[in-house]
Structure formats: C-alpha cells, structure tokens
K.L.:
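What follows is a structure written as structure tokens; I'll ask about it next.
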Amino acid sequence: MTTKGDTESTGQDNGHGGRSRIERYEPAAIEPKWQQRWADLRLYDTDLDDRSKPRYYLLTMYPYPSGSLHIGHWYIITPTDAIARYRRMHGDNVFLPIGFDAFGLPAENAAIKNNINPRDWTMANIETMRGQLRSMGATFAWDAEVVTCDPDYYRWNQWLFLRFLEKGLAYRSVSAVDWCPNDGTLAREQVEGTDRRCWRCGAQVEKRELPQWYLGITNYADDLLDFGGIDWPDPVRIMQTNWIGRSSGAEIVFETAPSPHHAGGEELRVFTTRPDTLFGATFMVLAPEHPLVAALTAPERKAEVDAYVAQSAAKTEIDRLSTDRDKTGVPIGADAINPVNGARIPIFIADYVLGTYGTGAIMAVPAHDERDFAFAQKFGLPIVRVVMPRGADPDAPLTEAFVEKAADFAPAGPPEHHGLLGGILDEVDLLTRGRTATEQIVMVNSGEFTGRPAAEAWHQIVSSLEEQGKGRQAVTYRLRDWLISRQRYWGTPIPVIHCEQCGAVPVPERDLPVLLPETVDYQGSGDNPLARDEAFLNVPCPQCGAAARRETDTMDTFIDSSWYWFRYLSPHKSDGPVDIDKVRDWTPVDQYTGGAEHAVMHLLYSRFFTKAMQDLGLVHEAEPFRRLFNQGQILGADGERMSKSRGNVQDPDELVARYGADAVRLFLMFMGPWDQGGPWSPTGIGGVGKFLNRIWAITLDPHGREPGDPSGGVLPEGETEEVARHRMHAAAHRTLRDVTADYEDFRWNTMVAKLMELSNLLSRYRGTPAAGRREWDEAVELLLLMLAPAAPHITEELWARRLEARGEAWESIHVQRWPELDERALAEATREVPIQVNGKLRDKVTVPSDTSERKLEKIVLEREKVVAAMGGRKPARIIHAGGGRLVNIVLED
RNA sequence: GCGACCGUGGCGGAAUGGCAGACGCGCCUGGCUUAGGACCAGGUGGGGAAACCCGUGGGGGUUCGAGUCCCUCCGGUCGCACCA
C-alpha cells in the first residue's frame, strides 16, 4: 500500500524509484475533496416529490450516538451506501436518510459520572459521528436527518401515545420491575447474570410492584404472525414467531371441592394445549401469585403456603425459570374436581407455574408432561397414562413422561411455536407424518374416549366441555404487552397528569410537547430525577384545575425507533407526526439493513406500530419494511464482541488515515459474505490497496511498466493483439454480467473479486501494444463504473481525469448510467470441455463453440487419455451436461 | 432441553447437482532496487521423481455425477429456555 512512506518520504520520492511517470495514489488528497464537492452540489439530497423516476427507499438502522463510530458501523453502512449508489445508476430516485437514536441510558450515566448534561453529551457525540459518517463518503440525505431527543421528534411520540390511549392501546397497570437498593429501578439490560445483580453497584436486584404504562401489542399478535408480502430472512421470521408463541388449546374450568373449612364451588381456570389428556390430570398447580391462593388455603396449611409465596416473590423470574432447578411447591389443603370424571385432585402451589402465562394455573398430567412428571415423582402423586401408541401396554409403568403428541391436531391458524413452522417443512411430508401419528396415538384410561385416536378425542373433549359450560377452545400467547415505562430522565416524558379527583388524565394535545426540563438534579440518589423536580411535577389538572402531578416515567427508547422512518419523509412537519401523502408514495421501505440483534424487539415493535398507525388512519401500510437484510457482526480480533472495556475496538478513523476510505470500504466488502461478519483482522487490507493502486496505474498510465517486470511490454505467449483485444472486450462484459448479479444480491465479496480479476487482466496488458486500444478503454471505463458504488472517491477522481484528458466537461461518475451489457461480447469462439469417465475427470478438450453433441462424442472418444481410462470397455451412455459444459462417459459394467 | 444457522488449504473465503479451492492474505522463487515491511513476474490443498493417487467434519444414501440433495453421528455459533 501507499501509506507506509507517507510520513518518511514526504512525497518527494514517489515510491517507484523515481521512474514512474504518474503521481501515486494518495487517498488523503482526493477523498475530502470529493466529499466536499458532492456536498456542495447536493448530489444526494432526494426530491421526494420527483415522480419521474422509480422511488427506492433505502433505510439502515440509525446509530446510537455513543461517541464515535466503530468498524461495525462501517460494516453496515458501506454496502448500504453502495446499494444506494448502484440504484441511482439505474435511474432510481433513492432516499437514504440517516439520524440518531439519541435517547437512552448511556447519556444519563455519562451525565452522572462526568456531571454534564445528557443533551450536551449526546449532541457533542452526534457532531463527532456526523463527521465520521461523512468521511466514509456515504451518500446520506442529511436534510432529512432525525434526532430523537429533539422535542420536535419526541413530541410526536407523545402525540402517538395519546392516540393509543384513546384507542385503548395504551393503559396503566401494576407490575413488578427490577429495583436496585442503591441505584433505583433498572432497565432489563442493566441486570447482569443469572444471580441478577446491578451492573453498577453489584447489589442484588429485587422486584417492586409499580404502576406502569403498557402498549397493547398483544392485540396484534395474530397479525404479527402473518409475514405475507414481506421478504424477510427466515431466521427473523422464526424468531418472531417463537417470541409471539401462539399456542392453541383449551381453557378448562375446574371447581374446588367442598372441604371442612370451605364450601367449594370456586372456579379455577386452566389453559392446556392437551385437553385430550384431561383424564390424566391427577393434581392441579397454581402459580404462587394466583389470586385465589389465599382464599383456598386451608387454615392448617396457611403458614407453609404463606412462607412459600413470600419465598417465591423474593425470587427473580430468572431463578424461577431456571430449568435445572428442582421442582418445589406446597399443597394448599384444598381439592379440585376434574370436570370430566369427577375425580378429586389436590391443589398445589409451585413456582414452576407462572402467574403471567395462560391463566396462572395448570391441570397437571404427570404421565404426559415432563415437568408435571418430575413434580409428581417428588411428591409421590399418582401418574395415570391416558394416551399411548396404539397396541402398547396401558399398565406398563412409565419411567418418564410420554409427551409425543398426535401431530398437530389443534385448529388451523397462524403459525405456532411448537413444531410446524409455516412453510418451512415440506407440506406433503407433514401431512403424511401427521396422519400416521394421529392414528397411532390412542386414548386409554379415559372413559368413553378410550380407544379413540387422541387427535379426535382432543376435539370431542373440548366440545363436550363446551356443552356443559366447563371449557372452550382458547389461544394463548407468550407475547406480553409492551411495558414502556422507564424510571429515567433521558427519554420521552409520558404525557399524563395524575389528579386525585380525575385519575390519570392525558395531557391535552395543545400542551404538547411535555418538555424534558433542561436542568435537573441527575446526581441524586438513583431514582428518576424527574420525580424530584418540583417545577416539572406540579401542574394543574387539565380537567378540574386542581393541583396535580405529572407522570414522571419516560418511554422506552424503542418507541423512538418504532416509527422513525416515517418521520424521515417529513422531519419538520409541525402539524402531525407523518405526512400521509409522502408515506403513501414512499413506504413501505424498499430495503432495510441492520443487525440481527434487533430481530425481535425493534423489528417486532416497528411492525406493531405500523399496524396500529394504520388502524389510526395515519398510514396506509400494514408492514414497515418490504425487504430486510441482516448483516453479520464484526467481532474483535479475539472473537468477542467489540467493547471499550475489552479493549478490542477497531478505530475506523485510524484505518481511513492509513489506507483511505475507499480501501476500508472495499476491504469490509471483500472480507466475506455480508450476512456473516466475523472477527476483525486488518491482515489483507493491503490486498485491496494493491488493487486500487493497480486501477490507478492502468487508468492513468496504460503504457507504463513497473520496474523489473520481466514480461513488460510483451503480449502473453502466442497471443496476437487481435486476440488480446477480444479477450479484454469479452472479459469486461462477462465481469459486467456477473458483477451486476452480485450487486443485486449483495454479494460484495465476489463482486470485488471479479473486479480484481478484470484489473489483473488489464494489468497484464499494460505496456503492451494492446493497451490503450478501444477495447482497453472500454474495459477501463466499465471497471470504473462498476467500482464506483463501492469505492466512490478513486473512481470519481479517475473519471474526472479521463474526461479532462479528453477535453470533455466534468460530470460525476455517480450520475452515470450503469453500463449496458453486450451479450454478443460474451460469445466465445471456442470452449473447453472437461471429460469425465465414470464421473472422474480424465481429460479436457477445446472445441469450436458450435460443435454438435455427436461430433463432440466422436472427438472425445478418440482422445488418448480417454481411451486409456476406458480400459477397453464400451460406453453404456454419454452424458452431456447442460449446454456442453462437461461430458461424462458412463462405461458398461 | 427446544429452535435456527454453519463445518471447504496455513488464514478470510469461491463454486445454478457438472473441472473443488475463484479472489485476496500469508508463504516460496526470481526480477527491480544503495535499501525495502515498496513494486513486478511466476509458484503455492496433501502424497509422489513421475504416471497417478487422495482430498470439502465422520458414516450411510439418492444420482451418470454430491462441497452442494436426503438420513445419521460429531463439532461450533446464535436465539429461546419450566410458556402448560
């Protein structure tokens, strides 16, 4: 690379022993120049009203302004920028906006630590990062920039919240949050490890019941399972499907039995996906926090039950869910009645049953559920087998739960998280497997249902319960409503006022935005500084005018990112969050790029917001992003996540200073497939540097030669100038064909490799009589055009110099049309055919391209090596692989 | 445990079921140089003097033909994790 001597040789020696006729490639001398020029010409501002060209909304996940860009940002942004440039060369009106995800904890923590204002910290970081983003040569539409901590942005978070509130999509409810005794409430990600400790002080985090604000994402659960019309990677769709966790089954009503202390007759509802196993329910388990626990507990059990409830309340959810934990629980001294056979079964509480899922109560069928089995074994409870493979011995003792179920006999519906993931398995395969299993699993010990296939009984039992009013088909989701309250300063204030008379009153729209106070005491004792800011807190109730207090919770910052791409279209609109006409013209986003770590949270919230905003009449679309691409993650050289604390962060500015932005861009694209990422290693960046030097040399100095080139000035052995010219023409167009396909599919590594091949070929002809001829010129031009989206600066510079040399007026390479493919150039006069005998490669023969199969067979069978390989045996048949790519002679046995 | 993805030279990685290892790094040889961590040319999967043989995590299968498709085992990465 050119860089090494930069400091030592101070440019007086050009590194080529003083022989070269051209100055060397100095990225530092050309890159800022062109960046400035592009900005001055406003080359990349998008006219959103221009309908003369097809629109292309290209979106990349906006960064958090953490302080500076790291190489991972470049890894996302570089190819995204290349897509933008490539689409423009195809005549699309490309919109590539950028902004900053500017609310969040790091700013607040930095404020506490350094005693500066979170806003100042954030805005300073944004300024730094803007400069870095410009240094990459990325073509962002800066005039559409959105900064989420700007009141002009977050007021619309508040406005949307009020609309959600009106619609019943936002509500307040009491729930448990993580609470650190020293630092107050913590976000989920601030609680570390399985022992749940505070990341700052290391104290054990506890749960606190607090009134919190929620958004009703579960209302859209089934809609969110429908991925129709969007082209997203399977892994993301699968993760979202699993996260939503739709389970269809039945809700079944058990009644409590009368006892000495109790009249009985209370209804206990359970959710099960296996109503077919109802006869095997030998006990019942309630979550410790189940509302009926206190009422049902027998007096003599009270002490023990209370102790268990207290004990599990002290535990975190993580502890409770830990799989390897032993089952614990206590009987509450009451029984329930199995509605299907009238059996009295004991009721337990146990923390393996979650209060937040289903009905917070289960019927336990130990024979057919591993967890229930373990519990029954520990507590010596009966285990009754009720389904089994046809022909099995119903009385054989079970050593483990038999959980095999008869395919999917639940009602058809959206994809669920167990088993059948929509369309991924072959349908026919599923049907046959399903049918077989369905017939093979039969009922036993189940009264009138005994002997029937379990799949039938599933439905019959549900209908029979339904008739008696003791149950119904039901669907449950793992997905819960979105808790958006954060007891933090640096976020969007939730626009609500609490009045003793009127309750929680929405802030009137005319009073928006509820501004974050500029100066607060964020140095305080760890709770939300807003809660101590009397000026902020005290307001009159908008309804009755009495003294009232503001809500002090702020919104989860995922709210900001749930609709920001709509705002890019009208960032300064002051009478509403979005411009519905622009939204109609420009969304859904054509291509979204970003990391897979947002597969569930951000991408699910964004889909929810879009659907909710559609229902509010704000937008016309049900889906935000038509196509999604998840690039891989760049890790530190040690294979770990890059982080300042690990000291494995690669500073991109340093690389740009050494190698230039184009080389860094190209190297990131060349490393490997974009969706793969991998450990960072700068070894090899010199390779793309060499490539750029070569482009520089062949463009500016076709007739030059490098010192010591032994083949310099001479065409390859046996090659005429005619042949060389034809080869250049063919190679240029073959490269164009392949590179175009690679751009379309984001295969940057092979794209760069193919351009390297073309430049290697031209380099071989440099200084020979073939150099500088028409075909040479054409190949160089194609090479520059094809490279332009990936390495925008060097190509712009060389393009300008070519124009200048030809006395033509300057026009940016980045407004040129993508070259047209000349199909005729691809045709070769001859082709080389590999010859296999019994599938093994034995020989190759070069024949005229129009050789017929029959003629080719004749030629092939006369080849010396082929005859030898055939060893006197006769061909049974001869395979011609597609289009004469290969011949395979299959011999008789 | 469940789900998804992935195993190819010393390294990053190529390869619509059809010549395995494109392209690059590194390394070797030579050239050019006062010099080179610059530049140019050639070579570089393993074994073998060669003919040739062997090679895409292991084993099986489908096929004229498998890195690619199917089954199975082993190893790795990510996500979920008592969700009834």
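Below, chains carry the letters A, B, ... as their sequence lines are ordered, and counting in each starts from 1.
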K.L.:
Are Phe348(A) and Phe379(A) an aromatic pair, judged by ring center distance below 6.0 Å?
P.N.:
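Between Phe348(A) and Phe379(A), which both carry aromatic rings, the centre distance is below 6.0 Å.
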
K.L.:
Could you check which nucleotide pairs with rU33(B) in any of the strands shown, counting Watson-Crick or G-U wobble with both distances under 3.5 Å?
P.N.:
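Paired with no nucleotide.
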
K.L.:
Is the shortest side-chain N/O distance from Arg842(A) to OP1 or OP2 of rC53(B) below 4.0 Å?
P.N.:
yes

K.L.:
Ignoring backbone atoms, test whether Arg764(A) places a side-chain nitrogen or oxygen under 4.0 Å from the OP1 or OP2 oxygen of rC40(B).
P.N.:
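Answer no for this pair, as no side-chain N or O of Arg764(A) is under 4.0 Å from OP1 or OP2.
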
K.L.:
Give the ring-plane orientation class for Trp696(A) versus Tyr25(A), where under 30° counts as parallel, over 60° as perpendicular and anything between as tilted.
P.N.:
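Rings of Trp696(A) and Tyr25(A): tilted, 30 to 60°.
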
K.L.:
Please say which of Val887(A), Val860(A), Val833(A), Val866(A) ends up in a side chain to side chain contact (heavy atoms under 4.5 Å, CB included) with Asp843(A).
P.N.:
Val866(A)

K.L.:
Tell me the interatomic distance from Ile238(A), atom CD1, to rC6(B), atom P, rounded to whole angstroms.
P.N.:
11 Å

K.L.:
Are Phe283(A) and Phe375(A) an aromatic pair, judged by ring center distance below 6.0 Å?
P.N.:
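Judged by ring-centre distance (under 6.0 Å), Phe375(A) and Phe283(A) do meet the cut-off.
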
K.L.:
Determine which nucleotide pairs with rU68(B), using a 3.5 Å limit on both distances of a Watson-Crick or G-U wobble pair.
P.N.:
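Base-paired to nothing in any strand shown.
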
K.L.:
Mind checking who rG7(B) pairs with, Watson-Crick or G-U wobble, both distances under 3.5 Å?
P.N.:
rC74(B)

K.L.:
Expressed as a whole number of Å, how far does the P atom of rA20(B) sit from that of rU72(B)?
P.N.:
29 Å

K.L.:
Applying the Watson-Crick and G-U wobble criteria at under 3.5 Å, what pairs with rA49(B)? Answer none if nothing qualifies.
P.N.:
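Base partner found: none.
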
K.L.:
Taking the P atom of each, how far is rC19(B) from rU68(B), in whole Å?
P.N.:
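Straight-line distance between the two P atoms is 13 Å.
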
K.L.:
Step through the shown structure and confirm whether more than 12 heavy atoms of other residues, nucleotides or ligands are within 6.0 Å of CD on Glu370(A).
P.N.:
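Open.
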
K.L.:
Angle class for the Phe746(A)/Trp748(A) ring planes (parallel below 30°, perpendicular above 60°, tilted otherwise)?
P.N.:
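Phe746(A) vs Trp748(A) ring planes: parallel.
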
K.L.:
Below 4.5 Å, heavy atoms only, C-beta onward: do Leu692(A) and Leu787(A) meet side chain to side chain?
P.N.:
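Counting from C-beta outward, Leu692(A) and Leu787(A) do come under 4.5 Å.
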
K.L.:
Please state the C1' separation for the pair rG55(B) and rG47(B) - nearest whole angstrom.
P.N.:
10 Å

K.L.:
Considering heavy-atom distances to RNA chain B, does Gly839(A) or Gly672(A) have its closest nucleotide positioned more toward the 5' end?
P.N.:
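So the residue in question is Gly672(A).
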
K.L.:
With both distances under 3.5 angstrom, what nucleotide forms a Watson-Crick or G-U wobble pair with rA15(B)?
P.N.:
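Matched rA15(B) with nothing under the 3.5 Å cut-off.
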
K.L.:
Are more than 12 heavy atoms, taken from residues, nucleotides or ligands other than Glu400(A), located less than 6.0 Å from that residue's CD atom?
P.N.:
no

K.L.:
Can you tell me how far P of rG12(B) sits from CD1 of Ile634(A), to the nearest Å?
P.N.:
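It is 14 Å, rounded to the nearest whole Å.
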
K.L.:
Provide the Watson-Crick or G-U wobble partner of rA81(B), both distances under 3.5 Å; none if there is no partner.
P.N.:
none

K.L.:
Over how many whole Å does the gap from Leu668(A) atom CG to rG13(B) atom C1' extend?
P.N.:
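Taking CG of Leu668(A) and C1' of rG13(B), I get 15 Å after rounding.
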
K.L.:
Given side chain to side chain contact (heavy atoms under 4.5 Å, CB included), test His290(A) with Val353(A) step by step and report yes or no.
P.N.:
CA-CA 10 Å; His290(A) 192 284; Val353(A) 173; over 6 Å; no

K.L.:
Please check the phosphate of rG55(B) (OP1 and OP2 only) for any side-chain N or O of Lys840(A) closer than 4.0 Å.
P.N.:
no

K.L.:
Would you mind telling me which residue lines up with the more 5' stretch of RNA chain B, Glu370(A) or Gly360(A), judged by nearest nucleotide?
P.N.:
Glu370(A)

K.L.:
Now, which nucleotide makes the Watson-Crick or G-U wobble pair with rU44(B), with each of the two distances under 3.5 Å?
P.N.:
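rU44(B) is paired, partner rG26(B).
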
K.L.:
Rounded to the Å, how far apart are Asn693(A) CG and rG37(B) P?
P.N.:
18 Å

K.L.:
Could you state the atom-to-atom distance from CZ of Arg747(A) to P of rA15(B) in whole Å?
P.N.:
7 Å

K.L.:
Going by a 90° cut-off around 0, is rG75(B) syn or anti?
P.N.:
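The base of rG75(B) is oriented anti (glycosidic angle more than 90° from 0).
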
K.L.:
Could you identify the nucleotide paired to rA38(B), looking across every strand shown and requiring Watson-Crick or G-U wobble geometry with both distances under 3.5 Å?
P.N.:
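WC or wobble partner does not exist here.
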
K.L.:
Can you name the atoms? Protein N/O to nucleotides 19-29 of chain B N/O, anything below 3.5 Å, with the distance.
P.N.:
from    : atom 1 : to        : atom 2 : distance (Å)
rC19(B) : O2     : Lys844(A) : NZ     : 2.3
rA22(B) : O2'    : Glu757(A) : OE1    : 3.4
rG24(B) : OP1    : Asn760(A) : ND2    : 2.8
rC25(B) : OP1    : Lys690(A) : NZ     : 3.2

K.L.:
Using the C1' atoms only, state how far rU56(B) lies from rG75(B), rounded to an integer number of Å.
P.N.:
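Looking at atom C1' only, rG75(B) and rU56(B) are 16 Å apart.
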
K.L.:
I'd like to know whether Ile345(A) forms a side chain to side chain contact (heavy atoms under 4.5 Å, CB included) with Phe254(A), so could you lay out the CA-CA distance, the side-chain angles of the two residues, the decisive distance to 0.1 Å, and finally the verdict.
P.N.:
CA-CA 10 Å; Ile345(A) 57 174; Phe254(A) 284 64; 3.8 Å; yes

K.L.:
Rounded to the nearest Å, what distance is computed from the CD atom of residue Glu864(A) to the C1' atom of nucleotide rA51(B)?
P.N.:
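My rounded result for the distance is 13 Å.
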
K.L.:
Within a radius of less than 6.0 Å around CD of Glu744(A), do more than 12 heavy atoms belonging to other residues, nucleotides or ligands occur?
P.N.:
yes

K.L.:
Find the distance Asp369(A):CG to rC2(B):C1' and express it as a whole number of Å.
P.N.:
14 Å

K.L.:
Between protein and nucleotides 75-78 of chain B, what N or O pairs are separated by less than 3.5 Å?
P.N.:
none

K.L.:
Considering only atom P, compute the distance from rG12(B) to rU63(B) and round it to an integer number of Å.
P.N.:
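rG12(B) and rU63(B) have their P atoms separated by 36 Å.
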
K.L.:
Figure out the OH/P separation between Tyr25(A) and rC39(B), and round it to whole Å.
P.N.:
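Those two atoms, OH and P, are 14 Å apart.
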
K.L.:
For nucleotides rG58(B) and rG10(B), find the distance between their P atoms and express it as a whole number of Å.
P.N.:
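Those two atoms are separated by 14 Å.
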
K.L.:
Determine the Euclidean distance between corresponding C1' atoms of rG21(B) and rG7(B); express it in Å to zero decimal places.
P.N.:
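That atom pair is separated by 16 Å.
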
K.L.:
Give a yes-or-no answer on whether the side chains of Asn693(A) and Arg24(A) include a donor-acceptor pair shorter than 3.5 Å.
P.N.:
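Per modelled atom types, Asn693(A) and Arg24(A) side chains form no pair under 3.5 Å.
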
K.L.:
Please measure how far the C1' atom in rA41(B) lies from the corresponding atom in rG59(B), and state the result in whole Å.
P.N.:
46 Å

